[in-house]
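What follows is a single structure, written as structure tokens, with notes after it.
Proteins get letters first, then strands, A, B, ... in listed order; numbering begins at 1 in each.
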There are 2 protein chains.
Amino acid sequence: MEKIIENFTVSANCPVRNVLDRFGDKWSILILMVLGQNGTMRFNEINKTIGDISQKMLTVTLRTLEADGLISRQVFPEIPPRVEYQLTHLGFSLIPHINNLATWANEHIVEIKSSREKFKV
Amino acid sequence: MEKIIENFTVSANCPVRNVLDRFGDKWSILILMVLGQNGTMRFNEINKTIGDISQKMLTVTLRTLEADGLISRQVFPEIPPRVEYQLTHLGFSLIPHINNLATWANEHIVEIKSSREKFKV
DNA sequence: CAGCATCCGACCGGATACTG
DNA sequence: CAGTATCCGGTCGGATGCTG
């Protein structure tokens with residue numbers, strides 16, 4: 001197997017850590033998945049789809065994803081305001097990898113939960 | 001594209017969120033990658049490879065990964081003590097997906113960093 | 001509707017000291 | 001060597017109230 005990472009020691013210079021640190025928050029990956037499945041979505045649509053995210057964290061996370069260039073934000077000058085979010089090309093290129101992880105999670109969650117139970121004892 | 005997640009709203013019952021929440025910590029994925037690349041490793045080996053992880057967090061994270069059944073821990077009754085960690089079959093099955101993410105990160109980090117810079121302005 | 005501002009508790013994780 | 005125990009500060013994120 002080829003070595004993907006040569007040096008873990010300098011976190012700021014390690015692309016993997018740099019990127020994965022971003023996904024370490026509570027909502028980023030989930031928002032990307034939701035947008036990947038539903039295409040263009042409005043703020044409240046995402047809010048309702050996820051269900052238990054606070055308005056604050058949705059705003060903050062959307063801004064971060066936008067700063068990273070993973071999603072785009074389009075404001076329509078209407079009243080009441082309409083803001084639509086969608087994946088950029090860059091963000092879309094990440095979706096398959098996230099979906100693979102999600103599929104893995106679905107396939108192995110039972111095994112993991114059972115392992116957690118056993119470990120308690 | 002097929003829908004992988006039907007319901008995001010109940011986080012405890014959503015396998016994806018259940019699993020991804022685990023990887024939301026600072027070190028889990030990195031430790032899995034290190035073990036994936038180096039095979040069997042001792043405590044201090046992992047410590048030095050990562051470089052800037054504290055002893056406490058390494059211990060805690062290793063225990064969590066062990067509880068999830070992703071890594072195994074073998075203690076050798078010697079003095080000084082030797083403890084070896086390696087991926088389980090379950091943990092190993094996750095490696096390709098993590099590596100895919102890492103590869104993606106390496107390929108797109110420049111684009112992401114440049115996007116972050118532009119967003120500041 | 002889509003946010004911003006503020007407050008605040010929880011907990012994540014680092015530093016340090018100690019041990020079999 | 002491979003931990004455990006304790007302390008403690010920073011930050012993540014929820015709740016609430018307000019706005020164009």
Please state how far atom CG in B/Asn47 lies from atom P in C/dG14, giving the value in whole angstrom units.
11 Å
Whether the side chain of B/Thr61 engages the backbone of B/Trp27 through a donor-acceptor N/O pair (distance < 3.5 Å, no angle test) should be reported.
no
Using a cut-off of less than 4.0 Å, is there contact between a side-chain N or O of A/Tyr85 and OP1 or OP2 of C/dC1?
no
Under 4.0 Å: is that the gap between some side-chain N or O of B/Arg63 and OP1 or OP2 of D/dT4?
yes
What is the distance, to the nearest angstrom, from the CZ atom on A/Arg22 to the P atom on D/dC12?
10 Å
Rounded distance in Å - CG (B/Asp21) to P (D/dG13)
10 Å
If I take atom CD1 in residue B/Ile53 and atom C1' in nucleotide C/dC12, what distance separates them, rounded to the nearest angstrom?
13 Å
Rounded distance (Å) that lies between atom C1' of D/dC1 and atom CZ of B/Arg73
12 Å
Quick one: label A/Phe76 by what it contacts on the DNA or RNA (base, sugar-phosphate, nothing), any heavy atom closer than 4.0 Å.
nothing
NZ/NE/NH1/NH2 to OD/OE distance under 4.0 Å, B/Asp52 and A/Arg17:
yes
Residues A/Lys120 and A/Glu117 bridged, charged N to O under 4.0 Å
yes
Shortest non-hydrogen contact from A/Leu32 toward A/Ile98
CD1-CD1, 3.9 Å
Whole-Å gap separating C1' (D/dA15) and CG (A/Asp52)
14 Å
Tell me what B/Asp25 touches on the nucleic acid: a base, only sugar-phosphate, or nothing, going by heavy atoms under 4.0 Å.
sugar-phosphate
Salt bridge or not between B/Arg82 and B/Glu84? Use side-chain N to carboxylate O under 4.0 Å.
yes
For A/Ser54 and B/Gln55, take the nucleotide of DNA chain D holding the closest heavy atom to each; which residue's nucleotide lies nearer the 5' end?
B/Gln55
Is B/Arg42 near enough to D/dA2 that one of its side-chain N or O atoms lies under 4.0 angstrom from OP1 or OP2?
yes
With heavy atoms under 4.0 Å as the rule, sort B/Lys56 into base, sugar-phosphate or nothing.
base
Tell me which nucleotide among D/dC1, C/dG13, C/dC1 gets nearest to the side chain of B/Met57.
C/dG13
Just the rounded figure in Å: distance from P of C/dC1 to CG of A/Leu62.
17 Å
Rounding to a whole Å, what distance do you find between B/Lys26:NZ and D/dG10:P?
14 Å
